Amino acid sequence: MKTDFIPVDYDYFDFKGRNYIKIIGRDSKSKRICVIDSCPIYFWAILKDKIKQEKIKNIIKKIEKIKLDVKGRYTKVEKVEIHEKNFLGRKVKALKIFATNYKDLHDIADKLGMPEIEKRRGYDIGFITHYIIEKKINPLCSYEISGEVLNNSQDFGGIDMSLDVDICIKLESSKKIDNKKFTPSILSYDIETDELKLGEGEILMISLVSENFKKVITWKKTKEKKPTYVEYVKDESELIEKFIEYVKKISPDFLVGYFSDGFDLPYIKARAEKFNIKLSLGLDNSQPVFSRGINLTGKIKGIVHVDLLKFIRTAYAQYMKSETLSLNEVSKEFLGDTKKDFKIKHSSEIKSQDWNEYYEYNLHDSVLTINLFKKFWPDILEFTKTIQEPVYDVTRFGLSKYTESYILHNLEKFNEIPEKRPTYNEISFRKGIGGSKGAFVYEPNPGLYKKIAMFDFTSMHTSIILSHNLSKGTLLEKKEKDSYESPEIDIKGEKIRYYFSKEKGFFPELLKEIFKLRKKFKLEYKKNPDVVTYARSNAFKVLSASAHGYLAFFGARYYSHEASASVLAFVRKYNQDIIKKVGSAGYKVIFGDTDSVGFTLNNKSEKDVLNLLKKLNKELPEFMELELEDFYKRGIWVTTRSGTTGAKKKYALIDKNNKIKIRGFETVRRDWCKLARQIQNNIIKQILENGNEEESLDYFKEIIKKIKKRDINKEDLIIRTQLKKPLSEYKSITPHVIAAKKMQEKKIPISQGNLVEYYIAETRETKKLVRDKVKLPGEKGEYNIKYYLENQILPAVENIFQVFDVNIKEIIDGKKQTTLGDF
DNA sequence: GGTCCCTAGATACC
DNA sequence: ACAGGTATCTAGGGACC
């Protein structure tokens, strides 16, 4: 039969010793289809240069005889071909060695100890990735496929009968077609429990939300009238069974949770085990499979389990406003919606009339989760199509895997054999070398400036890679005629340069596509600024921006210390050149960090600035581009706390629409109390709007009075600090470690990654250390006036007022108000 | 017990 | 281990007096 087909989830199985791929997807009428397929299985043996034809024939004969009986499986080399290939851009002769089972490639490769074989490659890609590369049946793209329908067939051990799908097809041919509209069926879920430790408490309720479907399943009943979406069950075990029943009934393409890899799914699994319930969520009734290792991941066959938190962390976190990635904050930022206000208590302490609130709270978490998924769906789609890995992986990968997958799926265009993953020893070696010297940061002169312009390079590191063909494969051993030459790099006191070929390298070439998409989406966003274009623009900004990080990442297949060091040397050079040129064009440079330069216009016009920009761009190589970031009315730069130099990475700007941009100041740091942040924010705002400090000074004096009168809400004094390691690993016992210990004593859940909240209180004893004054928000106590004045408020405003020669410390101390004249 | 200097730790910028 | 380097700032920790 023939049908259209959109692949969603990929899996594989062995049948009679051979590997088969099993793709679950949909047709355009939303029928669920399972496609069974296979592909050639092989890896590469790269031959040393100048091996005689006769010798090669002998080697091939030898290799063809390799048979293995490992892991209870009989496998053999089925055929060997010789090919002209490229490896890291170099022309090589390579043997393509076909075998029975992908899992045995590594063992076969180990048997190839012949001295004529230089390298063995392509056995460590993973079967699903290998299949997608080989057959080009990419996730979430549309295909017209034809094949034999398996209907109660004994083929593959009767696989079609064990799968809950509409059609099961043994693939014969496929053709990529224009993308059909795919509206995935989504089910979000969330559980509420009495304990946070996996499986240690009872599951009280589970909420499920899908299109036109809202449900809270619970065995905790209220005496009040329950909402219609609440369904009662007898007990916890029936709750789990009901959950399975609904998942199977709705049978979504995506089962979505928030932190569900680390909590919801493993929790349900643990409780199901306790009650001897088979958690048969898979389309083949299999149970979720959890990865070993520190990072738990839960996989369900046929249904893509998505933990949205992971995707957001990789694809968005660094450009988000949210200070944490909690469901509440992320929902606020992306949906303008929040979690329901409900203070979670142990179920034994919940009164009958409060259960309705708890149900609603639980339900709403699933509502937020599904809405977030919908919000991010365009990005998941774009990433998946670009990276060409299954959604399950795309939503869990880190940045290095994004880049690497993109490369692996596109190597064939360059006739390239894939590089292998680094071994443990190689990783140790790479770590040993350490990193390279990074970007240049200009030291600003503190002050309040007017009429400022900012230029920055678009995707600077990536454009440098493209312009200078930098990569592992294009690196030359020595200088050649007409090669790219890096600026001088200082390596242990020795000045050296690296050289790169001008022949197109696959790595820079591949980056071009990402680079172009990034540009395109950025433009789209500028033309049509909405949440979707914004999100997409940001997503490709992330992908494009991580190219250099990939080169320098010790776990990367295409790691190159030389290329990375060269990128950074170019970054320094181009930025410093621009700073120089802007200066000699008659502007006063006040700022510069990595890829940007800020300067005052002096007597020049904005038109002059734009002309300068045009001129500077003409002098840049292809792909590199300097753009106007914006014009600003005013900007303020301060000294460092020690007061000796201008602080880098700390400044604030105001544009013509009075929009304020603050970088680095305490205002934007989540580990300062709200009070200090708000005061600083207000003062910065007033100063930038007014152009002087007068209003701020009055405001500040009022606030000081309030603090001294203890007229400040405790909520505004709470300090939040993340616990970045397990409590036992801290060498120095800081206030936030003490706060975490207190939480442990009080049995308040706290673990690595959580934010610790505390305030500094007055203590009877004259204890010196700050940590001795730490109290948890729930603990009774008075805030420590001295601490907040001297350690929170003063540091936040002191060097801002210093720009106007106002000594704020004397105001805090209650001494005479003073200006420079009194010094 | 106070001062000085250094390190650990968190968080920001790009 | 799961993109990179640069920078600021606090509080603790140890040496020294």
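The structure displayed is predicted, hence computed values, not measured ones. Here is the naming used below: chain letters follow the sequence lines, and residue numbers restart at 1 for every chain.
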Which label fits A:F515 and A:F623: parallel for a plane angle under 30°, tilted from 30 to 60°, or perpendicular past 60°? perpendicular

Please state whether the rings of A:H106 and A:Y123 are parallel, tilted or perpendicular, taking 30° and 60° as the class boundaries.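 Ring orientation, 0 to 90° scale: perpendicular.
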
Give one of base, sugar-phosphate or nothing for [X], where a contact means two heavy atoms less than 4.0 Å apart.
| X | value |
| --- | --- |
| A:Y319 | nothing |
| A:S436 | sugar-phosphate |
| A:L551 | nothing |
| A:F665 | nothing |
| A:G398 | sugar-phosphate |
| A:F591 | sugar-phosphate |
| A:F397 | nothing |
| A:Y651 | sugar-phosphate |
| A:Q318 | base |
| A:H736 | sugar-phosphate |

Whole angstrom is fine here: how far is it from [atom1] in [X] over to [atom2] in [N]?
| X | N | atom1 | atom2 | result |
| --- | --- | --- | --- | --- |
| A:L543 | C:dA3 | CG | P | 13 Å |
| A:Y442 | C:dT8 | OH | C1' | 19 Å |
| A:R313 | C:dC2 | CZ | P | 12 Å |
| A:I465 | C:dA3 | CD1 | P | 16 Å |
| A:Y559 | C:dG4 | OH | C1' | 11 Å |
| A:K649 | C:dA7 | NZ | C1' | 6 Å |
| A:Y550 | C:dA1 | OH | C1' | 14 Å |
| A:L399 | C:dA1 | CG | C1' | 13 Å |

Step through the shown structure and confirm whether more than 12 heavy atoms of other residues, nucleotides or ligands are within 6.0 Å of CZ on A:F429. no

Between C:dG5, C:dG12, C:dC9, which nucleotide gets closest to the side-chain atoms of A:T734?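 Of the options given, the side chain of A:T734 lies nearest C:dG12.
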
Nearest of C:dG4, C:dT8, C:dC9 to any side-chain atom of A:K648? C:dT8

Quick one, A:L653 with A:I636, criterion side-chain contact (heavy atoms from CB on, under 4.5 Å). Give me CA distance, side-chain angles, the key distance, then yes/no. CA-CA 7 Å; A:L653 295 159; A:I636 188 167; over 6 Å; no

Is any side-chain N or O of [X] closer than 4.0 Å to OP1 or OP2 of [N]?
| X | N | value |
| --- | --- | --- |
| A:R669 | C:dT8 | no |
| A:K650 | C:dC9 | yes |
| A:S400 | C:dA3 | yes |
| A:N791 | C:dA11 | yes |

As a test of understanding, state which of A:D261, A:T297, A:N295, A:T395 forms a side chain to side chain donor-acceptor pair (under 3.5 Å) with A:K310. A:D261

In whole Å, measure the gap between the P atoms of B:dG9 and C:dA3 for me. 22 Å

Ring pair (Phe, Tyr, Trp, His ring centres under 6.0 Å), paired with A:Y558, selected from A:F506, A:F553, A:Y550: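 Result: among A:F506, A:F553, A:Y550, A:F506 is the only option passing the ring pair (Phe, Tyr, Trp, His ring centres under 6.0 Å) with A:Y558.
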
Can we say A:D124 and A:K420 salt-bridge, meaning some charged N sits less than 4.0 Å from an Asp/Glu carboxylate O?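 A salt bridge is absent here (no side-chain N lies under 4.0 Å from a carboxylate O).
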
Basic-acidic side-chain contact under 4.0 Å: A:E757, A:R720: yes

Given DNA chain C, 5'-ward residue of the pair A:K437 and A:K768, judged by closest heavy atom: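 Final value for this comparison: A:K437.
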
Apply side-chain hydrogen bond (donor to acceptor under 3.5 Å, both in side chains) to residues A:S642 and A:T640 and explain how you reach the verdict. CA-CA 5 Å; A:S642 60; A:T640 59; 3.1 Å; yes

Tell me, please, the opening and closing nucleotides of DNA chain B, 5' to 3', among those with an atom under 4.0 angstrom from a non-hydrogen atom of chain A. B:dG2 to B:dC14

